[in-house]
K.L.:
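Can you read through this structure? Questions will come right after.
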Amino acid sequence: ALHARENTQKRTRRAEDGEYRDALHARENAQKQTRRAEDGEYRDALQVRDVNRKRTARNEKRDRRVDLSKGFVDEEHKTFALWRATEKGSDDMKDRDENGR
């Protein structure tokens, strides 16, 4: 229970005390920067993560655009891709549920 109380106090201080919060962020960022500068594997992993995140965002944006242009906001088929795959009865869709999972 002692740790819980300490954590609650820290959380409260972080929430209320702007300077304390900024100091924490500064320290964390400094640690991250140092690690990025020294640890090549870590840097590569970050870059891979960023690239994948951007790709996902791009794909989702494209999917949303297609869905909207085809008017897929009805309950029956949530997305154009799902509808097309279901209509075709394509193999990769036959074991999936109605949400395409």
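Quick note: residue numbers are just sequence positions, from 1. As a basis for the values below, the full set of heavy atoms in this structure was taken, side chains included, without hydrogen atoms, waters or symmetry mates.
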K.L.:
Are side-chain heavy atoms of Asn59 and Arg55 found at a separation under 4.5 Å?
P.N.:
yes

K.L.:
Do Asn52 and Arg49 meet the criterion of a side-chain donor-acceptor pair at a distance under 3.5 Å?
P.N.:
no

K.L.:
Measure the CD-OH distance between Gln47 and Tyr42 for me, rounded to the nearest 0.5 Å.
P.N.:
13.5 Å

K.L.:
Below 4.5 Å, heavy atoms only, C-beta onward: do Arg36 and Lys32 meet side chain to side chain?
P.N.:
yes

K.L.:
If I compare all heavy atoms of Arg21 with all of Arg14, which pair ends up nearest, and what's the gap?
P.N.:
NH1-O, 3.0 Å

K.L.:
Counting only heavy atoms not in Glu19 (residues, nucleotides, ligands), do more than 12 fall under 6.0 Å from its CD?
P.N.:
no

K.L.:
If you round to the nearest 0.5 Å, how far is NZ of Lys10 from CG of Leu24?
P.N.:
9.0 Å

